[in-house]
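Below is one structure, written out as structure tokens, with a few remarks after it.
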Number of protein chains: 2
Amino acid sequence: MKDFIFGTLATEELRQKFVRTHRAGVSHYQNRQPRDPLPGQAICLKLSVGPEYPSEHAWVYWTNDGTDPTGQLGKTSNGHVSQMEVAGVEWDTNLWGYIQHFKAEIPGQPAGSVLRYLLSAGNSHGQEVVADEGGIYACYIDDDPPPAWTQEAIVYQIFVDRFYPGKDKSWLSPQTPAGFYGGTLTGIVEKLDYLDELGVNVLWLTPIFPSPSHHAYNATDLFDIEPRLGTKAELGKLLEEAHQRGMRVLLDLVPNHVSNLHPTFQSAQTDRDSRYRSWYTFTHWPDKYRSFFDVPELPQLNLRDPSARQHMLEAAAFWLELGVDGYRVDYAIGPTPDFWADFRRVTREKRPDCWTFGEVVEPPDAQINFEGLLDGCLDFNLMEALRQAFAYDEWDADRLANFIGRHEAFFPEAFSRPSFLDNHDMNRILWAAGGDQRRLRLAAMCQFTLSGAPIIYYGTEIGLSQERDVRQDGLGLPEEARLPMIWGDEQDTNLLEYYRKLIHLRRELTGELRGKTKVIFADQGMISYTHGRDDKVLTILNLSQKESTYTLPDGRFRLILEATPDSIQLENLSVIEAPLGGAIFMKE
Amino acid sequence: MKDFIFGTLATEELRQKFVRTHRAGVSHYQNRQPRDPLPGQAICLKLSVGPEYPSEHAWVYWTNDGTDPTGQLGKTSNGHVSQMEVAGVEWDTNLWGYIQHFKAEIPGQPAGSVLRYLLSAGNSHGQEVVADEGGIYACYIDDDPPPAWTQEAIVYQIFVDRFYPGKDKSWLSPQTPAGFYGGTLTGIVEKLDYLDELGVNVLWLTPIFPSPSHHAYNATDLFDIEPRLGTKAELGKLLEEAHQRGMRVLLDLVPNHVSNLHPTFQSAQTDRDSRYRSWYTFTHWPDKYRSFFDVPELPQLNLRDPSARQHMLEAAAFWLELGVDGYRVDYAIGPTPDFWADFRRVTREKRPDCWTFGEVVEPPDAQINFEGLLDGCLDFNLMEALRQAFAYDEWDADRLANFIGRHEAFFPEAFSRPSFLDNHDMNRILWAAGGDQRRLRLAAMCQFTLSGAPIIYYGTEIGLSQERDVRQDGLGLPEEARLPMIWGDEQDTNLLEYYRKLIHLRRELTGELRGKTKVIFADQGMISYTHGRDDKVLTILNLSQKESTYTLPDGRFRLILEATPDSIQLENLSVIEAPLGGAIFMKE
């Protein structure tokens, strides 16, 4: 594996351990049908109990009035309890034991309510084990697919400190790549015409709240703007100008943790009686507390605390109120599902057409657990597949075709899967491809002809790369993938033109590209596919280093875009594609 | 793990590799509903396709006329083909990829027919992968549960060379434990009164066909008797005398392999044009060929060859014709399912009330694949559980209770699961228990109060043990568990008396002990349970080294057997059980 994206599941050993632990325990893992229940729709919950846990009985404790479900051995003092029924026994050779399955049905719930539940297994002499270490599961009951506008979204990710300082300013010269380069909100406003001409219609800004760091994923205040970047008025201006151009703006929200300089954490750590102490989880006050990946500068919020949760929900509502169109949420598996159900309720109440998607650097079966809690998740698995196939030459076309078909079948169509080739935490795609622009162009052509809303990481469209590998120094040097944007003559205008064409094509053809990909042909080198409706758009990509010939299907086809200038030659009904060539055709 | 029973799956690493390989491939693994179809009952087949295999289409090729199914990319020249339909996509974190599932339904088949099928997955440009390395699956269509008499079976396993030489003879004195001790069929006839008095009603004889070895699991002729052991007439006498006493006799059949001295193998190996060459699988004639665990003395029969298969089926029919009541079949996972379907057909045709069970040293999900092909399998997993709990003190009562409940739920009630504590391939239970007879008595009490037909390995009932561990010399010394039977004064008559009582109790209470075990109580030390019908028999076992107290459930209970003489004291409604004590009560 050339990337090391899925940190906690990056190796075979870690994966085996994860699966084993999960199957060995008392586990629900959000095994719920449907995952996103409609108002009034009955809900089936499943539970599995590993070989060493009691399984004479199993229970589900649940509430729909906002309180936390509680109970013991099938009795509850608040809410409801349902005895689960036996649903079969499965042998597990890895665990060398039997897994006992249970199921229970919860009656349909009214629209706008949040169902909270926890499950447990036990026996008649007082043993009881709560599923998944006591996590409270929840779902928000509503009929709320992602807003229609997200179907046509083409997203541009702006790392704010690195995009543009403004026309009267130059880049700063920080001593390290982790210093401040001086990008601003006003700088973005001044580049809206550039972005509009490029064709994107959604901006995702990395965090803009007050923070001591260049990336700002550690806020000291969730209700203000970092002064280096601008002011609330300047954000207002950006929103206004973007909206005038038909662009939406998403902010980046980090509900899992804040900066250790956040006043509430400062108070919690210095004042034994602070009202904020319960906002954090001190294992040994004041010096030991839960934090993001054990980094002491990033204390984790205890969102089970009602006032901490309220604070975070108010922040989410606050910026929507100001005109923001949605959120990319950082580290979404940090907070528990019941936080996300509340988040869903609050954000939908405030802005029924907002778009929320999560950063869930986990496999698809963890991503899909956000169905109904967020509109979707960043498509990390597609990103990995595209890099394997196009940047690293590790997958052939057949393997990619297999993946795409199954990946699209796995997720419900209403689940947003914004697609990307790179972001601020990994090597840029051009760097990953060893600087071979043909690979970038081909990857982008594939990205833009699949169904997920494409995201462009700032600078990819003009050839911005890096000087060193992000993993060169062992622990990682992600700042290398965050070099300042290139403006002016150093931009690669050919590549920019290609991106403009791709984007405008996508905007024109959004309707045609919707629905599942139909792979027409895939062998080692070549893949060709069309899409659900009408099969009008035909994409042919040659992943190999050899010229490949492909016979067009029946019908008249018009070439509408080549990945590289000399990607193809047409000979009667055959397409001869250059090594790493690609083309999009339109059926007439 | 103190035993090393499940050789190919003995370690965590081997288990992980097995599961991974199975899930990564194109795999059916006998995923069929029902596994044992009734005449006319539709049959649902499932197939899974790992991440790296094509899955555009999947097919099942099948026949019901005795021919082998064949086909290519959905076309067949004989028999039938069904296109399978997509049945969902599953993410597999261990494989880090998607598994594609398919299903298909085959129409119901007539009674007495054998359905043969194979499955494959492929795509539209000529790739096709046959499931499970091309194995042909099969099932015999009939409504044929195990015969009624097996419900009351109490089996005694006789290792023939080591049981009794006959009243005028002494044991031989071989130079090594692998030599001949001189047991005979006539010796068994002479001990039928001993066995009758003990109370057992089924004898399982280890192989008696001509063979160069003391264990005779490598035959040189499947239609005769090893002269050292006796003659056909003497076997006839044994059958007659046993049947007069109401006892049945099972032989031990080894369909997977024969001795390299078998005339057909000798011919195949020496004569390039031998008609028997196809009975074996030569990878490089004449010196390289498939054999049991790569032991050259044990060449594997190629039962896909029609005349080799016919030979084996005729042997099975031959001994049934002579009055034998069934078979314990050795290494049943060696031959493919379609051999077993034929075996089922032939044995049921010859003797509708014969009993056949397999030695399948594999986990339950492999054992259950013999449903409908054999009447059942030796219960290796229960054996392991009983040894863990009673001999090795590795499992507490709670864990044992968990296991028993799930194990019984996993298997259909009609599937024979003959239970045992030891056999000729592992340390005897008394040796495994460190010589502590209380552990043996408790294990036997548990064995005899569960639903599977109990097997007693010769000598266990009179305290026969061993002098060294079977694994002392690294590779194993199973002969140590095959020491000659003790006759006369050296028998432990107390233990023998206990076994007699257990056996007679079991025969009296067979009806009460049928059905699933109901665990009433289990904690670390103590387990108590009753059974399906009426709950009349209550068993209480104290696995711990401490005295334990147990309060009897409502009702009047009469003590009917103690595991050790001072197992219990009764105080009002409480039972105080000595360390490693056990008792059986009867509800009045």
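To find a chain, count down the sequence lines: A is the first, B the second, and so on, and within it residues start at 1. The figures that follow rest on heavy atoms only: side chains count, while hydrogens, waters and symmetry mates do not.
Considering CD of A/Glu56 and NZ of B/Lys518, their distance stands at 12.5 Å, rounded to 0.5 Å. Here the CD atom belonging to A/Gln16 is positioned 9.5 Å from the CG atom belonging to B/Leu95, to the nearest 0.5 angstrom. Between the OG1 atom in B/Thr93 and the CD atom in A/Glu12 there is a gap of 12.5 Å [rounded to 0.5 Å]. To the nearest 0.5 angstrom, B/Tyr98 atom OH is 8.5 Å from A/Asp365 atom CG.
Between chain B and the options A/Gln127, A/Glu52, A/Glu90, the largest number of non-hydrogen pairs under 4.5 Å is found for A/Glu52. Comparing A/Phe521, A/Trp395, A/Phe18 by heavy-atom pairs within less than 4.5 Å of chain B, the highest count is held by A/Phe521. Heavy-atom pairs under 4.5 Å with chain B peak, among A/Ala409, A/Pro51, A/Ala366, at A/Pro51.
Residue B/Asn94 touches chain A through both its backbone and its side chain, counting heavy-atom pairs closer than 4.5 Å. Residue A/Val49 touches chain B through both its backbone and its side chain, counting heavy-atom pairs closer than 4.5 Å. Proximity to chain A (any heavy atom under 4.5 Å) is restricted, for B/Ile99, to the backbone atoms N, CA, C and O. Only the side chain of B/Arg399 has a heavy atom closer than 4.5 Å to any heavy atom of chain A. With a 4.5 Å cut-off on non-hydrogen atoms, B/Asn123 touches chain A through its side chain but not through its backbone. For a residue to count as touching a neighbouring chain, one of its non-hydrogen atoms must lie under 4.5 Å from one of that chain's; by this rule A/Tyr53 touches chain B with the backbone only. For A/Asp523, the parts lying under 4.5 angstrom from a heavy atom of chain B are both the backbone and the side chain.
Residues A/Pro363 and B/Trp96 are in side-chain contact: their nearest non-hydrogen atoms beyond the backbone lie under 4.5 Å apart. The shortest distance between side-chain heavy atoms of A/Asn402 and B/Ser55 falls below 4.5 Å. Residues B/Ile368 and A/Trp91 fail the side-chain proximity criterion, which asks for heavy atoms closer than 4.5 Å.
Other residues, nucleotides and ligands place more than 12 heavy atoms under 6.0 Å from the CD atom of B/Gln83. B/Gln72 CD: 12 or fewer foreign heavy atoms inside a 6.0 Å radius.
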